[in-house]
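Side chains are part of it too, since the values below use all heavy atoms of this structure and drop only hydrogens, waters and symmetry mates.
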Amino acid sequence: MLINIGFLLYGIVVYWGICQLFTTYNRKCLSRDFFIQTKNKYIWLLLAGRYRGRHRIPQEDWYKLSIMGIGTYISLFPVLLFFICLIFDIKFTLYPNGYFAVAKTSIVILINIMDELLGSLFYKE
C-alpha cells in the first residue's frame with residue numbers, strides 16, 4: 001500500500017511538472033498571443049511559475065498563463081486518472097490499455113514542443 005501511495009505521488013508530480021512547464025508564458029511560443037492573466041499570485045505559481053525550463057520569466061510576463069498549457073492540464077487529466085486506476089487496480093474504461101494513454105501524452109507534449117520550436121523560428125528576439 002505504501003508503494004502505491006508513492007507511485008500516486010510520483011504520477012501527480014510528473015503530471016504537474018509537465019503541465020506547469022507548458023503553462024508558463026513564453027514570448028517565443030507560436031501561441032504567445034493566446035494567454036490569460038490572473039491576479040492571484042498563488043494560482044499563477046501553482047499553475048505556471050517563474051521558470052520555463054531553466055529560463056527565468058521576466059517580471060512583465062508574470063501572472064500570464066498560456067492557453068496551450070491550460071489545455072495541457074485538461075487533456076492530460078484523463079491520463080493521470082488512468083495512471084491512478086492502474087496503480088489501485090480499478091477498471092478504467094476510457095483507455096482499454098496503456099497504449100492510448102502513452103500515445104495521447106506523447107501527442108500533447110509534441111504539440112507543445114512544436115509550438116515552442118515554431119515560435120522560436122518566427123519570433124526571434
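At least one donor-acceptor pair under 3.5 Å links the side chain of Arg52 to the backbone N or O of Leu21. Side chain of Lys104 to backbone of Ser75: a donor-acceptor contact under 3.5 angstrom is found. In this structure, Trp44 contributes its side chain and Leu65 its backbone to no donor-acceptor pair below 3.5 Å. For Asp115 (side chain) and Ser31 (main-chain N/O), a donor-acceptor pair under 3.5 Å exists by modelled atom type. With hydrogens and angles ignored, the 3.5 Å screen pairs no side-chain donor or acceptor of Glu116 with any backbone N or O of Ile111. Remark: side-chain polar atoms of Thr23 are paired, donor with acceptor, to backbone N or O of Gly69 under 3.5 angstrom.
Residue Val102 is not grouped with residue Leu86 when hydrophobic side chains (ILVMFWY) are merged at heavy-atom distances under 4.5 angstrom, including chains of intermediate members. Connection of Ile70 to Tyr51 is not established within any shared hydrophobic cluster, with ILVMFWY side chains joined at heavy-atom distances below 4.5 Å, either directly or through further cluster members. No continuous path of hydrophobic side-chain contacts links Tyr25 to Phe22 [ILVMFWY only; heavy atoms under 4.5 Å]. One hydrophobic cluster, built from ILVMFWY side chains closer than 4.5 Å, cannot hold both Ile107 and Phe83; they sit in different ones. Under the 4.5 Å side-chain heavy-atom criterion for ILVMFWY residues, no single connected hydrophobic cluster contains both Ile84 and Tyr99.
How far OG1 of Thr105 is from CG of Leu110: 10.5 Å, rounded to the nearest 0.5 Å. For the atom pair Leu47 CG and Thr38 OG1, the distance stands at 8.0 Å (nearest 0.5 Å). Between atom CG of residue Asp33 and atom CZ of residue Arg27 there is a gap of 12.0 Å, rounded to the nearest 0.5 Å. Rounding to the nearest 0.5 Å places NZ of Lys28 at 13.5 Å from OH of Tyr123. Taken to the nearest 0.5 Å, the CG atom of Asp61 stands 12.5 Å off from the CZ atom of Arg56. Taking CE of Met68 as the start and SG of Cys29 as the end, the distance is 8.0 Å to the nearest 0.5 Å.
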(request) Assess whether side-chain contact (heavy atoms from CB on, under 4.5 Å) is satisfied between Leu80 and Leu76, documenting all intermediate values. (result) CA-CA 6 Å; Leu80 177 65; Leu76 289 184; over 6 Å; no
(request) Before giving the answer on side-chain hydrogen bond (donor to acceptor under 3.5 Å, both in side chains), spell out for Asn112 and Thr72 the whole-Å C-alpha distance, their side-chain angles and the decisive distance to 0.1 Å. (result) CA-CA 8 Å; Asn112 281 298; Thr72 304; 2.9 Å; yes
(request) Could you check Lys39 against Tyr63 for side-chain contact (heavy atoms from CB on, under 4.5 Å), going step by step and ending with a plain yes or no? (result) CA-CA 7 Å; Lys39 293 180 181 180; Tyr63 306 113; over 6 Å; no
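Within 6.0 Å of CZ on Phe92 lie more than 12 heavy atoms contributed by other residues, nucleotides or ligands. Residue Asp89 places its CG atom among 12 or fewer non-hydrogen atoms of other residues, nucleotides or ligands, all under 6.0 Å distant. Within a 6.0 Å sphere centred on CZ of Phe77, heavy atoms belonging to other residues, nucleotides or ligands number 12 at most.
Looking at every heavy atom in both residues, Val79 comes nearest to Tyr95 through CG2-OH, 3.7 Å. Closest approach of Trp62 and Ile57 over heavy atoms only: NE1-O, 3.2 Å. When all heavy atoms of Leu45 and Arg50 are compared, the pair lying nearest together is CD2-CG, 4.1 Å.
The shortest side-chain heavy-atom distance between Phe82 and Leu94 does not fall under the 4.5 Å cut-off.
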Side chains of residues 2-17: which donor-acceptor pairs under 3.5 Å do they make with residues two or more places apart or in other chains?
unit_1 : atom_1 : unit_2 : atom_2 : d
Tyr15  : OH     : Tyr73  : O      : 2.8
Trp16  : NE1    : Leu46  : O      : 2.7

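Phe35 carries Lys64 over the face of its six-membered ring, with the cationic atom under 6.0 Å from the centre and within 45° of the normal.
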